[in-house]
Q: 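After the C-alpha cells below, expect a handful of questions from me.
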Amino acid sequence: MGSGPFLNCCVCVCARRSKEGLVCVEQILRDLGLDPSPEDCMAVQRVCQIVSTRAAHLCGASLAAVLRQIRDNKAVDRLRTTIGVDGSVYKNHPQFARRLHKMVRCLVPDCDVRFLRSEDGSGKGAAMVTAVAYRLAKQHAERQQVLDTLRLSREQLMEVKRRMEVQMKRGLALDTHDSASVRMLPTYVRATPDGTEHGDFLALDLGGTNFRVLMVRVRSGKRRSVEMHNKIYTISQDVMQGTGEELFDHIVHCIADFLEYMGMKGASLPLGFTFSFPCHQAGLNKGILLKWTKGFKASGCEGEDVAVLLSDAIHRMEEFDLDVVAVVNDTVGTMMSCAYEDPQCEVGLIVGTGTNACYMEEMRNVELVEGNEGLMCVNMEWGAFGDGGELDDICTEFDCAVDENSTNPGKQRFEKMISGMYLGEIVRNVLLDFTAKGLLFRGKLSERLKTRGIFETKFLSQIESDRLALRQVRSILQHLGLTSSTCDDSILVKEVCSVVSQRAAQLCGAALAAVVDKIRQNRNLNSLSISVGVDGTLYKLHPHFSSILQETLRDLAPQCNVTLLQSEDGSGKGAALITAVACRMRDA
Ligand code: ADP
Ligand code: MG
C-alpha cells in the first residue's frame with residue numbers, strides 16, 4: 001500500500017457512516033489491489049472514524065486553550081469571536097468540522113464562537129496581514145510620537161538642574177530676588193532640633209487636603225519623645241474662596257472645638273502654624289502671604305501677615321488666647337520632624353497636592369536677612385520654577401491645557417508638571433487627545449472623560465501598580481465610565497500614566513540634585529552625605545515615584561549620597577518642634 005494525499009482522501013470518504021460509505025470503502029480497497037470481505041470493509045471504516053475523531057478532538061482542545069488565553073488577555077467574562085478556518089480536511093471531511101465545533105463549545109462554554117470558512121486564506125490573508133500590520137505600526141508610531149514629547153532625555157534633565165541652580169542663586173541675591181522664579185524665602189529657622197526641647201504645643205496644618213488641629217507633647221532627656229493628638233476639619237470650597245475673615249473665623253472655631261474635645265477648653269499654649277503657601281517672612285512669627293495656591297482664594301489675605309489674621313480672629317472670638325510663635329511652611333516642618341530623628345537631615349521635600357522644598361543655606365548667601373554667621377532654612381517655593389519661562393521648551397500641549405484650566409494660569413508651572421493636583425489631569429488630557437485621533441477607545445469620546453478632575457492622581461498609583469492585572473486596569477477604566485475599553489486600551493492607558501509620573505519624578509529629582517549639589521559646594525566638599533525628609537501622599541503611595549527620584553539623584557548628583565526619609569506627619573510634628581526650638585531659644 002502506498003501513502004500520501006490519496007490515502008487521506010480515502011479516510012475522508014471512508015468515514016461516511018452509511019451504506020454508500022461502505023460501498024465506497026470496498027471500491028477504494030479494490031482500487032488499492034485488495035480483495036476485502038464485508039467485515040474487512042466495516043473494520044477499515046471503524047479505524048478511519050477513530051483516527052479522524054481523535055484528530056478533530058485534539059484540534060478542538062488546542063483551540064479551546066487559545067480561546068481561553070484570548071479571553072484572559074481581554075479581561076472579559078464572555079468572549080465572542082470568530083475563527084477563520086482553511087484546509088481540505090476541515091472543508092471536505094464529512095464529520096471533522098462538526099466534531100471540532102462540538103469539542104470547542106464543550107471545553108469553553110463561556111465563549112461564543114463562530115467558525116468562518118476562509119476563501120483563499122494564503123493569498124488574500126497575506127495581503128490583509130500586511131495591511132493590518134501597517135495600520136498598527138502607524139498608530140503605534142503616532143502614539144509614541146505624542147508620548148515622546150513627555151519623555152525627557154538625560155541632557156534635558158541636566159539642563160533643568162542647571163536652570164534651577166541659576167534661579168536659586170537669583171532668588172537668594174538681593175538685586176535679583178524680586179524677578180527670580182524661585183523665591184528662596186528666609187524662614188528664620190536657624191537650627192534643627194537638638195533633643196532638649198520639651199513642653200505642650202498646639203499646631204495648625206493649613207494648606208493640604210485636610211485642615212488639622214494638633215496637640216503635641218514634646219519630651220526631652222531619657223523620655224525623649226513626641227506624642228500627638230489631632231483632629232481633621234473640613235474647609236468647604238465656599239470658605240476656601242470666600243473672605244479672609246470667614247476663613248480665619250472658621251479656623252478659630254475649629255481650634256475651640258479641638259480644645260474642648262481634648263478637655264483643654266480655654267488653655268493658652270504656644271502655637272505653631274503650618275501654613276503651606278508662599279509667605280514672605282520678616283521673622284519666625286511673621287508670614288506675609290504672597291499668593292494663594294492649590295485652589296485657595298480667600299479675599300483680603302494676600303499681602304497680609306497670616307499670624308496677625310489668626311490672632312485677630314482669636315480676639316474676635318474672645319474665648320481663649322494663643323501665642324502664635326511660628327509660621328511654618330510644611331517643607332520646613334517635614335525637614336524638622338525628620339531632623340529630630342536624623343541630624344543629617346537638612347532638606348525638606350513635599351510631593352502631595354503641590355510640590356516644594358526647603359534646605360539649610362549659609363546665612364552669608366541669604367542676602368535678604370542681616371548677618372553672615374551660621375545657617376538658615378530657606379523655603380524655596382520651587383513650584384513656581386518655570387514661571388519665568390524656564391520650562392517652556394519642555395512643556396507640552398497637555399501641560400498648557402492643564403495650566404490654562406487652573407485657578408492660577410501661568411503660575412506654578414513646575415508644580416503643575418509634578419504634583420498630585422495635576423498629574424491625573426495631564427493624563428486625562430493625553431487620553432482625550434488619543435481618543436480624538438482615533439488611537440484609543442475606538443475613537444469614542446465619552447462624556448465622563450471630558451469632565452475635569454475625573455482622572456484622579458490616585459488612579460495613576462493604582463494603574464501603575466505591578467501587582468495589578470490588566471483586568472483590574474480595565475475595571476478602573478470602567479469605573480471611570482470608559483466602558484468600551486479593550487485590552488490594548490488598558491495597556492496604552494498604563495503607558496500614559498507611567499510616562500507622566502516618570503517625568504514628574506525625574507523633574508523632582510533634577511531639582512533636588514541642584515539643591516544637594518549647592519549644599520555640597522557651599523561646604524567645599526568633594527562628596528556629601530545628606531538626608532532629605534519627604535512628605536506627601538503622591539510620594540508615599542505611588543509605586544515608582546521614590547525609586548525614580550532616587551535613581552535620578554544618583555545620576556545627576558553623583559557626588560552626593562542622598563538618603564530619602566519618609567516624614568511622619570511633618571506638618572504637625574514639625575510645626576510643634578519649630579515652636580519648641582523657638583521657645584527653648586527664647587527662654588534661654
Ligand atoms: P497635601 O499635600 O495637600 O498636604 P497630601 O500629601 O495628602 O496632602 O496629598 C494629597 C494629594 O495626593 C492629592 O492631590 C491626591 O491627588 C494625591 N493622592 C491621593 N492618593 C494618592 C495615591 N494613592 N497615589 C498618588 N497620589 C495620591
Ligand atoms: Mg501636607
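This one's a predicted model, so the numbers in the text were calculated from it and none came from an experiment. Ligands are counted one by one from 1 in listed order, and the atoms in each one are counted from 1 as well.
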Q: Main chain of Trp292, side chain of Lys297: is a donor-acceptor contact present, judged purely on distance under 3.5 Å?
A: no
Q: Output yes when the distance from some N or O of ligand 1 to some N or O of His542 is under 3.5 Å, and no in every other case.
A: no
Q: Examine distances only and state if a side-chain atom of Asn210 and a backbone atom of Arg212 form a donor-acceptor pair shorter than 3.5 Å.
A: no
Q: Tell me whether the NZ or CZ atom of Lys573 lies within the 45° cone about the ring axis of Tyr340 and under 6.0 Å from its centre.
A: no
Q: Judged by modelled atom types alone, do His544 and Glu464 share a side-chain donor-acceptor pair under 3.5 Å?
A: no
Q: State whether Arg584 and Asp194 are salt-bridged, where the test is any N-O pair (Lys NZ or Arg NE/NH1/NH2 against Asp/Glu carboxylate O) under 4.0 Å.
A: yes
Q: Give the atoms of ligand 1, by number and element, whose distance to some non-hydrogen atom of Lys458 is under 4.0 Å.
A: 20 (N), 21 (C), 22 (C), 23 (N), 24 (N)
Q: Counting each atom of ligand 1 from 1 as listed, which ones have a heavy atom of Gly536 under 4.0 Å away?
A: 6 (O)
Q: Please check whether Gly420 reaches ligand 1 - meaning an N/O of the residue sits under 3.5 Å from an N/O of the ligand, judged on distance alone.
A: yes
Q: Evaluating non-hydrogen atoms only, which member of Leu538, Asn210, Thr353 is closest to atom 13 (C) of ligand 1?
A: Thr353
Q: Between Thr274, Leu460, Thr537, which one has a non-hydrogen atom sitting closest to atom 19 (C) of ligand 1?
A: Thr537
Q: Going by the atom numbers of ligand 1, which of them fall below 4.0 Å from some non-hydrogen atom of Gly352?
A: 2 (O), 6 (O), 9 (O), 11 (C)
Q: Closer than 4.0 angstrom: is that true for some heavy atom of Met421 and an atom of ligand 1?
A: yes
Q: Go through Asp399 and Tyr422 one step at a time and tell me if the side-chain hydrogen bond (donor to acceptor under 3.5 Å, both in side chains) criterion holds.
A: CA-CA 9 Å; Asp399 297 302; Tyr422 307 101; over 6 Å; no
